[in-house]
Amino acid sequence: MKYLVIVVAGVLLLGTQAFLPVHADAGASVVKIEGVDYAFDAPDRIKSGWTTFDYTNAGDEQHFLFLARIPDGQTFDDYLTGIVRPFNDAWIMLREGEIGSEKVDAELGAALPDWFSDVVFFGGSGVIEPGMTTRLTLDLDPGTYAIECYMKTEGGELHSMEGMIRELVVTEESSAASEPEAGIDITLTNKDMTIDGDLTPGEHTVAVHAAEHPKQGFGHNIHIARLDEATDVDEVIRWMNFLELDGLRPPSPARFVGGMHILPEGGTGYFELELEPGRYLFVSEVTSPTSPFELVTVE
Amino acid sequence: MPMNHAARCLLPVLAAILAAGLAWHCRAEDQADGPRIVAGHPVLENRASQPGVVEVHLTAAPARQSLKPGTETDVFAYNGRVPGPMLEVTEGDTVIVHFRNELPEQTTVHWHGMHLPFIADGSPFHPVAPGEIYTYRFEVPEGSAGTYWYHPHPHHRTAYQVGMGLFGAMIVRDPDDPLPRDMRERVLILSDHRFHDDGSLDFAEDDRRQARIDEMNGREGDVLLVNNEVMPELSIGAGEVQRWRIINASGARIYRLGLKGHEFLHVGSDGGLFENPVETDEILLANGERAEILVRGTGEPGSEALLSALPYDRYMAQWRPRDWDRPLDLATVKYSREPPVEPVKIPDRLRRIPELDPDLATVVREMRMTNGKINGRTMDMNRIDEYAELGSKEVWHVRNLVGMDHPFHLHGFQFQVFERDGEPVTQRRWEDTVNVPAFEDARFVVRLDNHPGKWMFHCHNLNHEDQGMMGVLELE
């Protein structure tokens with residue numbers, strides 16, 4: 001159709017965004033996703049294999065993007081009713097003071113279906129600020145996934161319960177894209193975080209390796225916070241705990257610039273990171289008893 | 001004590017106000033004496049003496065009604081009735097509605113689906129304060145014959161006021177209506193209620209969790225009503241064909257209507273008749289939408305059939321009620337014992353609907369709906385979200401980014417949906433509300449002509465609308 005004028009409100013919304021200067025590799029399979037308050041604007045189907053996501057936060061609040069592969073035989077609807085709803089129920093009980101945080105595991109254990117252990121967390125972006133775009137690359141198996149953000153609103157409601165969750169079908173057809181090359185490697189184990197490479201000002205491709213999977217908890221991940229002189233590092237680490245009443249909930253104690261969400265054991269994911277001189281906190285969302293962190297100074 | 005000058009000046013004014021109030025009261029009583037009944041509804045009495053003018057009086061006020069056996073319920077009512085009396089007009093008429101607000105809060109009367117001047121739209125931009133009178137005046141366009149409805153539209157209070165009982169039907173007649181005139185006609189206004197034990201209406205005032213569910217799903221009631229009656233009996237004769245005009249006045253419930261053992265002939269939508277009738281066994285009616293159907297009495301004399309709200313999954317799965325898949329009965333269709341009659345013949349061709357060609361549109365707008373927001377914004381009465389040129393033809397691409405249905409309504413202008421979720425829509429029809437299911441989209445073409453002003457577009461799930469899932473298009 002020939003339209004003389006195209007007014008796309010979504011584009012207008014992005015008018016003030018500070019896009020990262022990312023460059024697609026020639027062989028990359030790039031999928032654009034927007035996060036808004038509170039939904040994802042994303043395709044329904046993509047190819048499997050190495051896939052690069054350009055994820056833009058077009059909302060007014062912080063968001064991440066988290067990919068969970070739903071076991072064969074279960075549906076996206078099953079995931080919403082069987083997984084998301086019990087998590088929310090437990091959170092609401094915690095928020096309303098009906099249970100303490102020590103009881104959450106027991107509540108979830110009783111409410112989650114057996115197949116929850118077969119859900120595979122396939123990575124995703126770290127927390128990013130409104131207006132920011134992050135680029136990440138993941139190796140996706142075919143299957144049905146949930147794209148999700150379970151951060152909280154100011155009122156303490158999960159973004160996923162507000163609608164920020166949708167189905168993504170990854171087809172058998174492979175993207176045939178190649179694995180990126182990283183200049184920095186971060187290895188996450190059950191005890192610590194190891195960063196190899198020069199964290200210098202500029203753009204970096206960062207590989208995150210989840211070398212182990214915790215016996216308790218949901219897996220390893222990394223989020224990167226830009227610190228200023230007033231940032232309380234302990235407060236940021238505490239805020240990264242979902243079970244804290246004000247955890248992952250506005251106001252945020254720091255400005256986040258991305259990272260890599262929970263990866264499967266042995267999995268590797270990549271993200272682009274632009275560093276400026278200053279202090280950063282590389283921190284895991286608290287999803288296991290030991291959630292490591294590193295303070296980094298970029299000079 | 002002698003009166004001062006100000007008091008002397010005020011006396012005639014007060015006398016005039018008293019006289020006007022008395023006259024108003026008398027008119028309302030006159031009408032209550034014996035209103036004309038059309039399609040099962042009392043009709044607002046036309047007080048105009050000249051032809052081509054329909055001048056009526058409408059008052060919104062608190063009332064008490066028996067909705068649940070053994071209890072009385074506080075409601076809001078138009079002219080003391082729920083639903084309000086029907087406004088019946090003909091294409092080309094000038095309509096004058098003298099509206100009086102006797103509610104304890106501000107309100108408006110929105111003439112849902114009508115193409116009319118901005119000042120007569122009854123949008124939140126023209127609130128009527130308690131005790132005030134507002135006169136709505138508009139011309140009924142040629143070609144607009146169909147089923148419409150009126151309801152309040154105050155900012156943040158629409159779900160409550162409609163839920164309290166403020167809604168009524170409006171029929172625009174075509175002097176050359178192609179359907180047989182001797183068919184029995186019914187207007188069925190669908191609503192639902194949730195009650196406290198004492199019979200009062202439940203708006204989750206003291207129940208935070210229910211309030212949260214209502215915020216997400218919209219407030220649904222477990223008691224379904226047709227014309228404010230629980231399980232009414234609708235009589236029909238074997239072989240008879242009836243014309244039903246159905247209006248979804250529920251704040252959130254979407255009706256998937258079925259009449260057991262029967263098929264419908266779907267003949268019209270929001271903006272009147274189709275070009276051709278369509279056979280169907282179900283009608284999906286989202287909030288604010290209307291359908292015109294022909295019900296053919298194919299049952300045996302003396303038999304019954306249930307009109308039901310069949311399960312329809314409009315919910316985000318994480319908020320879906322556990323009993324969502326339970327069919328709910330709305331009414332009983334009872335066949336008379338009279339011997340069957342020969343069905344009337346229904347024309348294959350009902351009318352010609354002019355095509356709005358989307359290829360000739362000069363503007364495309366995208367509306368991204370999330371829960372409670374359109375294009376990332378909540379309603380701000382002091383902000384214009386979209387500007388358009390008077391007379392322009394536009395394509396609107398309405399996208400639903402979340403996992404529940406959102407019925408999208410545009411004030412003042414009927415449109416033609418030409419694509420749904422990537423598939424072309426072949427049947428041309430006029431609509432003012434398009435339901436967009438979870439993660440789907442719809443494209444419609446609209447001509448924004450005749451009436452400059454600020455026009456609302458919003459989700460017609462009334463709780464969502466009240467949360468601010470609404471925007472303003474300024475047409476100039």
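Numbered from 1 within each chain, the chains take letters A, B, ... in sequence-line order.
Under a cut-off of 6.0 angstrom, the local environment of CD in B/Glu389 is sparse, with at most 12 non-hydrogen atoms contributed by other residues, nucleotides or ligands. Heavy atoms from other residues, nucleotides or ligands lying under 6.0 Å from CG of B/Asp323 number more than 12. Heavy-atom neighbours of B/Arg194 CZ from other residues, nucleotides or ligands within 6.0 Å: above the threshold of 12. Annotation for A/Glu154: atom CD does not count as buried by contact number, only 12 or fewer foreign heavy atoms lying within 6.0 Å.
Rounding to the nearest 0.5 Å gives a distance of 7.5 Å between CZ of B/Arg320 and CZ of A/Arg85.
Between A/Asn88 and B/Gln318 there is no side-chain heavy-atom pair separated by less than 4.5 Å. Within the 4.5 Å cutoff, the side chain of B/Met316 has no heavy atoms near those of the A/Leu80 side chain.
The side-chain contact (heavy atoms from CB on, under 4.5 Å) test applied to B/Glu474 returns B/Ile384, B/Tyr387, B/Lys454, B/Glu476, not counting sequence neighbours. Considering only residues two or more places apart in sequence or on other chains, B/Arg428 meets the salt bridge (Lys or Arg N to Asp or Glu O under 4.0 Å) condition with B/Glu275, B/Glu355.
For residues 398-417 of chain B, a heavy-atom distance under 4.5 Å to chain A picks out B/Arg399, B/Leu401, B/Val402, given by residue number. For residues 207-218 of chain B, heavy-atom neighbours of chain A at less than 4.5 Å comprise B/Arg208, B/Arg209, B/Arg212, B/Met216, sorted by residue number.
Contact annotation for A/Tyr79: neither backbone nor side-chain heavy atoms come within less than 4.5 Å of a heavy atom of chain B. Both the backbone and the side chain of A/Ile165 come within less than 4.5 Å of a heavy atom in chain B.
The minimum heavy-atom distance between B/Gly376 and A/Asp60, with the atom names listed, is O-OD2, 4.4 Å. Closest of all the heavy-atom pairs between B/Phe439 and A/Arg166 is CE2-CB, 3.5 Å.
Between chain B and the residues A/Glu167, A/Met164, A/Glu96, the largest count of heavy-atom pairs under 4.5 Å involves A/Glu96.
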